[in-house]
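Computed from a predicted model, the values in this text were never measured in an experiment.
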Amino acid sequence: MSVVFYLLSTLGGYLFTSALLLKYPGLLHRPKRHRFRCRHISHRGGAGENLENTMAAFHHAVDVGTDMLELDCHLTKDEQVVVSHDENLKRSTGVDVNISDLEYSELPPYLCRLDVTFQKECHCEGEDKRIPLLKEVFEDFPHTPVNIDIKVNNDVLIKKVSELVSLYKREHLTVWGNVSHEIVEKCHKENAHIPILFCLRRVLLLLGLFYTGLLPFFPILEEFLEIPMPSIILKLLMRKALFDHLTARGIQVYIWVLNEDEEYQRAFDLGATGVMTDYPTKLKNFLHTYTPGQQKDKEG
């Protein structure tokens with residue numbers, strides 16, 4: 001009987017401590033200092049309103065009032081860091097060639113009409129069809145946070161991006177990473193001053209820690225959690241208690257890629273820090289009238 005009582009007492013103490021620290025993580029962890037805090041994030045610069053990852057898209061998004069630009073990087077044959085989602089340019093330019101096989105001056109222009117990846121049966125047209133350099137984004141938007149997806153596991157690419165971030169003194173305005181654990185590790189090793197994203201492996205670890213009650217005791221290196229709305233993993237992660245805990249620890253939660261008001265509403269009601277969208281104007285208009293809990297009220 002005494003052994004059972006001891007085990008129950010120990011379990012009760014663990015559950016109480018876990019619940020307490022989940023709600024008040026500052027009792028154990030010093031919150032990460034916010035270098036910037038973003039609610040409105042333009043995916044590929046706003047791929048539903050301008051051709052993705054172009055300077056026209058980035059300028060439009062900033063003019064609309066976006067808090068952050070999200071973009072993707074690759075390396076050309078002459079080691080120029082370019083902004084493009086795809087390594088192979090067949091989808092975006094109609095030319096079946098890899099960026100790494102061409103010098104920057106040889107890159108073909110985008111097609112004048114591209115599908116919006118995360119919006120079914122939608123496309124976008126634009127006149128700016130040039131694939132830009134990352135340094136152009138840094139030069140044109142010196143005060144705008146930029147979210148960089150390192151698309152390939154390339155040591156030179158990681159080094160070059162780090163050098164550009166340092167050259168333009170943007171460590172406090174940049175976050176980088178990838179779903180790959182190896183890429184994120186390399187990014188952090190290359191430049192520990194640039195905050196990193198959770199990779200997929202660490203998202204799964206986060207999930208396990210949360211549901212076992214261990215998360216409040218676990219140190220976290222990452223400063224940003226980015227998760228997709230339509231996924232099984234996200235259904236398990238979409239917990240207000242989790243988002244509130246991460247927020248209290250100074251970790252921002254971004255959800256992608258959301259393009260409808262109902263999706264925006266759900267994400268913010270659950271405590272997401274920010275939303276990544278293809279339609280920066282639509283998200284801007286939503287935020288002007290956003291009322292917490294409005295969607296729940298409508299459904300009730």
Side-chain angles (χ1 to χ4, degrees), residues 34 36-53 57-72 85 114-124 141 144-149 175 177 179 197-198 203 206-207 210 223-248 250-300:
H34 284 147
F36 49 82
R37 186 176 178 83
C38 303
R39 300 183 78 196
H40 185 299
I41 306 158
S42 295
H43 177 246
R44 303 184 195 175
E49 296 181 9
N50 282 275
L51 293 183
E52 63 182 56
N53 281 323
F58 300 138
H59 277 284
H60 171 71
V62 171
D63 288 344
V64 165
T66 196
D67 299 320
M68 171 183 276
L69 298 172
E70 187 274 344
L71 52 81
D72 314 275
H85 181 270
L114 295 176
D115 290 338
V116 181
T117 305
F118 291 92
Q119 192 77 355
K120 291 182 179 180
E121 299 180 359
C122 287
H123 64 271
C124 186
F141 311 105
T144 302
V146 174
N147 185 316
I148 300 175
D149 189 348
V175 54
V179 296
L197 304 164
F198 279 83
V203 171
L206 183 72
L207 186 65
F210 176 66
E223 295 186 33
F224 297 85
L225 173 65
E226 294 184 1
I227 46 180
M229 178 73 88
S231 71
I232 295 174
I233 292 176
L234 187 66
K235 289 178 181 177
L236 295 173
L237 282 169
M238 288 289 275
R239 297 290 180 267
K240 191 171 187 345
L242 172 60
F243 289 3
D244 289 346
H245 175 81
L246 294 175
T247 299
I251 298 166
Q252 298 186 50
V253 179
Y254 298 155
I255 301 183
W256 58 272
V257 171
L258 311 185
N259 291 325
E260 303 296 342
D261 286 359
E262 312 84 69
E263 297 175 329
Y264 303 154
Q265 183 81 39
R266 182 183 176 211
F268 285 118
D269 282 355
L270 284 170
T273 312
V275 161
M276 201 175 292
T277 186
D278 288 316
Y279 296 91
T281 303
K282 183 186 290 187
L283 179 56
K284 175 189 176 181
N285 293 336
F286 169 84
L287 288 171
H288 278 320
T289 59
Y290 169 62
T291 301
Q294 191 175 51
Q295 185 67 28
K296 185 182 294 185
D297 292 342
K298 287 180 180 178
E299 293 173 354

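A distance of 8.5 Å separates CZ of F243 from OG1 of T273, quoted to the nearest 0.5 Å. In this structure, R44 CZ and D278 CG are separated by 7.0 Å, a value rounded to the nearest 0.5 Å. The distance from atom CD of E260 to atom OH of Y279, rounded to the nearest 0.5 Å, is 8.0 Å.
Within the 4.5 Å cutoff, the side chain of K282 has heavy atoms near those of the D261 side chain. With contacts defined as side-chain heavy-atom distances shorter than 4.5 Å, the pair L71/I148 qualifies. The side-chain heavy atoms of H60 and T281, taken from C-beta on, include a pair separated by under 4.5 Å.
Taking the ring centroids of Y290 and F268, they lie under the 6.0 Å cut-off.
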Would V175 and N147 count as a side chain to side chain contact (heavy atoms under 4.5 Å, CB included) if you check the C-alpha gap in whole Å, the side-chain angles of each, and the deciding distance to 0.1 Å?
CA-CA 5 Å; V175 54; N147 185 316; 3.7 Å; yes
Go through the steps to decide whether F58 and T144 satisfy the test side chain to side chain contact (heavy atoms under 4.5 Å, CB included), and finish with yes or no.
CA-CA 10 Å; F58 300 138; T144 302; over 6 Å; no
Would E223 and I251 count as a side chain to side chain contact (heavy atoms under 4.5 Å, CB included) if you check the C-alpha gap in whole Å, the side-chain angles of each, and the deciding distance to 0.1 Å?
CA-CA 5 Å; E223 295 186 33; I251 298 166; 5.6 Å; no
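By the salt bridge (charged side-chain N to carboxylate O under 4.0 Å, His left out) test, D67 pairs with no residue at all, sequence neighbours left out. Residues passing the salt bridge (charged side-chain N to carboxylate O under 4.0 Å, His left out) test with E70: none are found, sequence neighbours excluded.
Smallest separation of non-hydrogen atoms from A47 and E52: CB-CB, 3.8 Å. In this structure, L236 and L207 approach most closely via the heavy-atom pair CB-CD1, 3.5 Å.
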